[in-house]
Amino acid sequence: MLQLFDTASQITKELSLRKPGVVGLYVCGPTVYGPAHVGHGRAVLTYDILRRYLEFSGFEVQHVSNITDIDDKIILRANAEGRSWQEVARECEEEWWATMDAMGVLRPVEQPHATAYVEQMVELIEHLIERGFAYQTVDGVYLKAALVPDYGLLSHQSIEDRRSGARVEMDEHKEDPIDFVLWKFAKPGEPTWPSPWGAGRPGWHTECVVMSLALLGEGFELHGGGQDLIFPHHDNERAQAVAVGSRFARHWMHNGMVTVAGEKMSKSLNNFTTLNELLEHTDARSYRLLVLRAHYRSPLEVNATTIEASAAALTRIDALIRRLDGSEVSRGEIATALSTELRDRFVAAMDNDLDTPAAVAEIFEAVRRANSLADAGDVSLAARLSEEIATLLGALGIEVHQARKIDDEVRSLVEQRDSARGNRDYSTSDKIREELENLGWVVEDTAEGTRIHR
RNA sequence: GGCGGCGUGGCCGAGUGGCUUAGGCAAGGGCCUGCAAAGCCCUCUACCCCAGUUCGAUUCUGGGCGCCGCCUCCA
């Protein structure tokens, strides 16, 4: 079974399940105030790949990912554009899902919105106050972090380290610099919800506690997000859950950052590429393959060179699938042994903390093998291997290309070219080839005649 | 300053105490082809530095150097 590195214990281990065969997965989703960039894409792809692989392995995955639809940045943008914050959030969310669809990412089973859970957040904060973990100041309600057992468990920072680290500018009203806000009292012109302490809105971390526990229940299996969320977001989520006496996530997973020239891609550094820009000139599968070719916890360098290398690698796979498309598929012993061996190696790599680079290497090795078999005339064996390759790629979310519809005009050109070649009229056949290439087709000669593809 | 992590061949990027030439991209040579394309075969460039443990270290330990992330905006 799958072993995953756990951020809390820093050990690679199996997920501990409440119910056999079912995995509750909560992934921190986007704050919808702008377009998704390549870094978001990596995170989403990582969990999409995890989910697909778990499903491939026979698990049911209760995949929940939230939409943060109220936040300072949303308000800021709405004010700047003279629009309502709801309009900004709704528009950005629509764009988000459209982009995710284009990326071939499965929709989470549940997509809760922060604003739909404000009442429950208020209840949670009330409990925190009752239990003595939270206090009110003139500008909000804060959690007293020092009271929480194992505060800093995920970032492995002790309270003392944190305090002395203090580049935190001391908030005027907090009792301790490490405390964090649960409820913000409204400033003029800001959206508000009612609460026992006064009108305002929730702090950032509370929503995920409420929504994950509401939808997945106590002690859910796995909580994920980007490494930049370990602190403060996830430490602070956990702190609240622990403080109210809930059993929170059993296992924590964090994906590495996307880098550009060695530096983290982020909106604040303004070195980001949006996913939509990427998709304008790249097959979405190329980016998925690029993501797969680095381990999920390593930084991933994304630039024109790495994307193009990935796109080129993808054409190798597509070429194999095309080559064997429609061939008879062997069900014999040798073919079964070949495909079983591939699957076993693939699964072993994936189960080892989602070692997708190794898993992908197995697939490429099999591609070479299948081509080699086909060259040797063992086409039905090759076809069986190719079929397995397509299945395994599917488990990673890469669909192999289907043959494209060829219209009559093009088909006629192909036929003319074959007849010219049959007559050894190569000047005509080369002319037709050029014509086809100008129409955007790649032309290949095979024993069965001209084959074309895009 | 604290915490987490990294340093592998032209590039990306796995892995292991002693045969992985991992894999991909790029480059060179060959086979195949009317010419191509695709494919196959071959070749090339590795494990940051210094000590130590060991019969043996790229892999383990210590030190050094360099880099990245987080330290309450952040996937």
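We name chains A, B, ... by the order of the sequence lines, and we start the count at 1 in each one. The figures here come from the full heavy-atom set of this structure, side chains too, leaving out hydrogens, waters and symmetry mates.
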Determine whether the side chains of [X] and [Y] contain a donor N or O and an acceptor N or O closer than 3.5 Å.
{"X": "R421(A)", "Y": "S429(A)", "result": "no"}
{"X": "D6(A)", "Y": "S9(A)", "result": "yes"}
{"X": "Y142(A)", "Y": "D176(A)", "result": "no"}

Polar-atom pairs under 3.5 Å, protein N or O versus N or O of nucleotides 24-27 of chain B: list them with distances, or write none.
from, atom 1, to, atom 2, distance (Å)
rG24(B), O4', R293(A), NH1, 3.4
rG24(B), O2', R293(A), NH1, 2.5

Nearest listed nucleotide, side chain of [X], among [options]:
{"X": "A294(A)", "options": "rG13(B), rG5(B), rG34(B)", "result": "rG13(B)"}
{"X": "H40(A)", "options": "rG23(B), rA75(B), rG4(B)", "result": "rA75(B)"}
{"X": "R162(A)", "options": "rC74(B), rC71(B), rC3(B)", "result": "rC71(B)"}
{"X": "D375(A)", "options": "rG34(B), rC40(B), rU72(B)", "result": "rC40(B)"}
{"X": "D355(A)", "options": "rG4(B), rG15(B), rG2(B)", "result": "rG15(B)"}

When you check the phosphate oxygens OP1 and OP2 of [N], does a side-chain N or O of [X] lie under 4.0 Å from one of them?
{"X": "H156(A)", "N": "rC3(B)", "answer": "no"}
{"X": "W441(A)", "N": "rA37(B)", "answer": "no"}
{"X": "N371(A)", "N": "rC40(B)", "answer": "yes"}

With a 3.5 Å limit on both atom pairs, tell me what [N] is paired to, counting Watson-Crick and G-U wobble, or say none.
{"N": "rA57(B)", "result": "none"}
{"N": "rA75(B)", "result": "none"}
{"N": "rG9(B)", "result": "none"}
{"N": "rG62(B)", "result": "rC50(B)"}
{"N": "rG34(B)", "result": "none"}
{"N": "rU21(B)", "result": "none"}
{"N": "rU16(B)", "result": "none"}
{"N": "rC3(B)", "result": "rG69(B)"}

Rounded to whole angstrom units, what separation is found between the [atom1] atom of [X] and the [atom2] atom of [N]?
{"X": "I159(A)", "N": "rG2(B)", "atom1": "CD1", "atom2": "C1'", "value": "14 Å"}
{"X": "R42(A)", "N": "rC12(B)", "atom1": "CZ", "atom2": "C1'", "value": "13 Å"}
{"X": "L229(A)", "N": "rC3(B)", "atom1": "CG", "atom2": "P", "value": "22 Å"}
{"X": "M103(A)", "N": "rA75(B)", "atom1": "CE", "atom2": "C1'", "value": "13 Å"}
{"X": "R417(A)", "N": "rG34(B)", "atom1": "CZ", "atom2": "P", "value": "12 Å"}
{"X": "R297(A)", "N": "rC6(B)", "atom1": "CZ", "atom2": "C1'", "value": "12 Å"}
{"X": "M253(A)", "N": "rG4(B)", "atom1": "CE", "atom2": "C1'", "value": "17 Å"}
{"X": "L76(A)", "N": "rC73(B)", "atom1": "CG", "atom2": "P", "value": "14 Å"}

At a cut-off of 3.5 Å, list every protein nitrogen or oxygen paired with a nitrogen or oxygen from nucleotides 67-69 of chain B, distance to 0.1 Å.
from, atom 1, to, atom 2, distance (Å)
rG69(B), OP1, K264(A), N, 3.4

Looking across every strand, which nucleic acid part, if any, lies under 4.0 Å from [X] by heavy atom: base, sugar-phosphate, or nothing?
{"X": "H233(A)", "result": "nothing"}
{"X": "N236(A)", "result": "base"}
{"X": "V44(A)", "result": "nothing"}
{"X": "G39(A)", "result": "base"}
{"X": "G41(A)", "result": "nothing"}
{"X": "S429(A)", "result": "base"}
{"X": "S268(A)", "result": "base"}

Report the residues that fulfil salt bridge (Lys or Arg N to Asp or Glu O under 4.0 Å) with [X], sequence neighbours left out, ordered by chain and then residue number.
{"X": "R201(A)", "value": "D72(A), E190(A)"}
{"X": "E448(A)", "value": "none"}
{"X": "D228(A)", "value": "K264(A)"}
{"X": "E237(A)", "value": "none"}

Within the structure provided, determine whether [X] and [Y] are in side-chain contact (heavy-atom separation under 4.5 Å).
{"X": "L222(A)", "Y": "M253(A)", "result": "yes"}
{"X": "H63(A)", "Y": "V27(A)", "result": "yes"}
{"X": "E93(A)", "Y": "P30(A)", "result": "no"}
{"X": "V379(A)", "Y": "L324(A)", "result": "yes"}

Exercise for the section: Select from S427(A) and N303(A) the residue whose nearest nucleotide in RNA chain B is closer to the 5' end of that strand. Expected result: N303(A)
Completion exercise
Contacts of H233(A) meeting ring pair (Phe, Tyr, Trp, His ring centres under 6.0 Å) (sequence neighbours excluded), chain-then-number -> W204(A), H205(A)
Practice task
Could you tell me which residues satisfy ring pair (Phe, Tyr, Trp, His ring centres under 6.0 Å) with F248(A), sequence neighbours excluded, listed by chain and number?
Solution key: F220(A), H223(A), W252(A)
Exercise for the section: Using the ring of Y47(A) (Phe, Tyr or Trp, six-membered ring only), decide whether R52(A) places NZ or CZ under 6.0 Å from its centre and within 45 degrees of its axis. Expected result: no
Practice task
Taking the six-membered ring of Y33(A) (Phe, Tyr or Trp), confirm whether the NZ or CZ of K267(A) is under 6.0 Å from its centre and within 45° of its axis.
Solution key: yes
So, does the side chain of [X] form a donor-acceptor pair with the base of [N] at under 3.5 Å?
{"X": "K267(A)", "N": "rC74(B)", "answer": "no"}
{"X": "R433(A)", "N": "rA37(B)", "answer": "no"}
{"X": "D430(A)", "N": "rG34(B)", "answer": "yes"}

Completion exercise
For nucleotides 28-33 of chain B, 5' to 3', base contacts (B), sugar-phosphate-only contacts (S) and non-contacts (-) with protein non-hydrogen atoms under 4.0 Å give ------
Handout entry: Within residues 351-367 of chain A or reaching into it, pairs that qualify as salt bridge (charged side-chain N to carboxylate O under 4.0 Å, His left out) - sequence neighbours excluded
Key = R297(A)-D353(A), R345(A)-E362(A), E365(A)-R368(A)
Fill in the blank from the handout: residues 254-279 of chain A vs ring-ring contact (aromatic ring centres under 6.0 Å, His included), sequence neighbours excluded, gives H37(A)-F272(A), H234(A)-H254(A)
Handout entry: Neighbours of RNA chain B within residues 107-115 of chain A, by heavy-atom distance under 4.0 Å
Key = none
